[in-house]
Every structure is written in structure tokens, then in C-alpha cells.
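So the structure is just underneath, and the comments pick up after that.
Both backbone and side-chain heavy atoms feed into the values below; hydrogens, waters and symmetry mates do not. This one's a predicted model, so the numbers in the text were calculated from it and none came from an experiment.
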Amino acid sequence: MISPSLLSADFSDLKSEMQWFNGSTADWLHIDVMDGVFVPNISFGFPVLKHVAKICQKPLDVHLMIVQPEKFIEEVRDLGAHIMNVHYEACPHLHRVIGQIHEAGMKAGVTICPATPVSVLEDIVYDVDLVLVMSVNPGFGGQRFIPHSADKVRRLRKMIDSSGSNALIEVDGGINGDTGRIMKDAGADVLVAGSYIFGSPDPAARCAELSGLWK
């Protein structure tokens, strides 16, 4: 599955961006919400995302890179989001937050940063619908892929399969045709790509290229 990152879109012409996106092979729209506290950058807020949600015809994959993400469960739900994804590092009571997301009617995801080992998820992996492995440090687009992320995904794949969990593995950061294949072969189910897709002269073709990795 492919989830292009809205962070790299042309915000001066979002309607056109959503037109090609809606007609592409992309599966979800990945939305990175940044607060300038948990990560060193600010992206966009819910007033902007409400307009995006109106013109996007595919499921919203909302990734909150913020402190206290549980405060915004209702706002994410009201966008019509398919998945709400929170950081392990931002949630001291992660099990409770996952339950609250499910109660709101959404799929629940948990994200881990590059320095966070997959072992911290052993007691939560059965409760989540998706685990997002950051293959760059969160907060900025266009960063270089961290090579050891592939080993991390392999370890996570073993953990999920042995636990009986149905969680998908998503990867975000430095994804292109080459790194996408590496992560797919390591066990990833969903690839997030920003500048590789939105920065291309033919972003729909880039989506098709990445979708084709599973064929």
C-alpha cells in the first residue's frame, strides 16, 4: 500500500494536488501534524485539514507528531480519518490512548522514532492496527533514509507474526524506488513517500511505481 505524504504537496494549489491523487493508485493520504514541541517544526492544523478532507476521496492516515495527542482524538475523528497514529514517545499511557482511538471509531496506530527499539511494543502490538517505523528523524521532509531501519522492520515483522497481531507495518522517511523495495522486502505493508511523489513531474506515475513493488 502507498500513502503519499501531504507535507510535500503544493499548498498553493491543493485542489489540483487532490485531483491527481484521487485518480492515482495511492491507497491513503498520509497527514503529518506537527506542533513545534514534540518535533522541531510546525506543519498545519485542523482548519486546513477540514478543507483537505472535503476534497480527498481516499482514507486519511493521520500521524500526530505532537505532545498529548489524546487531546485531539475528536478532531481527528471529525475529519473522517481512517487511522489515527500517535507516537510511543509522546504517550506515557499508550494503552489507554489506543483504546480511546478505537472507541472513537478509528483504527489505531503507534509510531516509533529511529532511536526507539521495537521491543517497547511487545505489550501493545496485539492492540494496535498499525505500527509506523520512522526511517528518518521526525519533523522535516526530504531527509536521507536511515539504512538500519530495514533490520528494525524485520524484527518488527517477526514480533507481529509471532504474536498473532494483525497490525500492518508502515514506513516513513526517505522512501523512493530503491528504499521502498528494501522496506517491502523487509516486511513493510505500507510505504509513506513525500518529496519522491509530490516533487515528481508525474506524481501519479511515482505512486504506480511504488504500488508495483508488491506485484
Between [X] and [Y] (side chain of the first, backbone of the second, donor and acceptor by atom type, cut-off under 3.5 Å), is there such a pair?
X	Y	result
Asn137	Val39	no
Ser211	Cys207	yes
Ser165	Ile160	no
Arg144	Gly174	no
Ser163	Met159	yes
Ser5	Val192	no
Glu170	Leu191	no
Lys107	Asp61	no
Ser24	Ala204	no
Ser135	Phe145	no

To the nearest 0.5 Å, how far apart are [atom1] in [X] and [atom2] in [Y]?
X	Y	atom1	atom2	result
Gln19	Cys56	CD	SG	12.5 Å
Asp32	Ile66	CG	CD1	12.0 Å
Ile197	Glu209	CD1	CD	9.0 Å
Arg206	Asn176	CZ	CG	8.5 Å
Ile175	Ser3	CD1	OG	12.0 Å
Glu89	Cys113	CD	SG	3.5 Å

Step-by-step side chain to side chain contact (heavy atoms under 4.5 Å, CB included) determination, Leu29 to Val52:
CA-CA 10 Å; Leu29 179 64; Val52 172; 3.8 Å; yes
If we ignore angles and hydrogens, is there a donor and acceptor under 3.5 Å between the side chains of [X] and [Y]?
X	Y	answer
Asn85	Thr111	yes
Ser200	Asp202	no
Asp129	His102	yes

Please check if Ile146 and Val118 belong to a single hydrophobic cluster, counting links between Ile, Leu, Val, Met, Phe, Trp and Tyr side chain heavy atoms closer than 4.5 Å.
no
Salt bridge (charged side-chain N to carboxylate O under 4.0 Å, His left out) for Arg157 and Asp189? Distances and angles first, verdict last.
CA-CA 10 Å; Arg157 180 83 275 160; Asp189 302 293; 3.1 Å; yes
Side chains of [X] and [Y], heavy atoms from C-beta outward: is any pair under 4.5 Å?
X	Y	result
Glu70	Arg96	no
Glu17	Phe11	no
Phe72	Arg77	no
His87	Leu132	no
Phe44	Leu6	yes
Ile2	Thr25	no
Ile101	Ile73	yes
Val76	Leu64	yes

Verdict with reasoning, Leu79 to Lys50, per side chain to side chain contact (heavy atoms under 4.5 Å, CB included)
CA-CA 6 Å; Leu79 290 176; Lys50 287 178 181 178; 3.9 Å; yes
Provide the closest heavy-atom pair for [X] versus [Y] in the form atom of the first, atom of the second, distance.
X	Y	result
Met34	Asn41	CB-O, 3.3 Å
Ile112	Lys152	CD1-CE, 3.7 Å
Gly164	Tyr126	O-CE1, 3.6 Å
Ala167	Leu130	CB-N, 4.0 Å
Met134	Pro114	O-CG, 3.6 Å
Leu14	Ala9	CD2-CB, 4.1 Å

More than 12 foreign heavy atoms under 6.0 Å from [atom1] of [X]: is that the case here?
X	atom1	value
Asp10	CG	yes
Asp185	CG	yes
Phe46	CZ	yes

Can you name the residues that form a side chain to side chain donor-acceptor pair (under 3.5 Å) with Ser149, not counting sequence neighbours?
none
Please confirm whether Trp28 and Phe21 have ring centers closer than 6.0 angstrom.
no
Between Asp35 and Ile42, is the side chain to side chain contact (heavy atoms under 4.5 Å, CB included) condition met? List the steps.
CA-CA 5 Å; Asp35 62 359; Ile42 296 174; 6.0 Å; no
Decide side chain to side chain contact (heavy atoms under 4.5 Å, CB included) for Val120 and Tyr88; before the verdict, give the C-alpha distance in whole Å, the side-chain angles of both, and the deciding distance to 0.1 Å.
CA-CA 9 Å; Val120 301; Tyr88 167 86; 3.6 Å; yes
Report the residues that fulfil salt bridge (charged side-chain N to carboxylate O under 4.0 Å, His left out) with Arg154, sequence neighbours left out, ordered by chain and then residue number.
Asp151
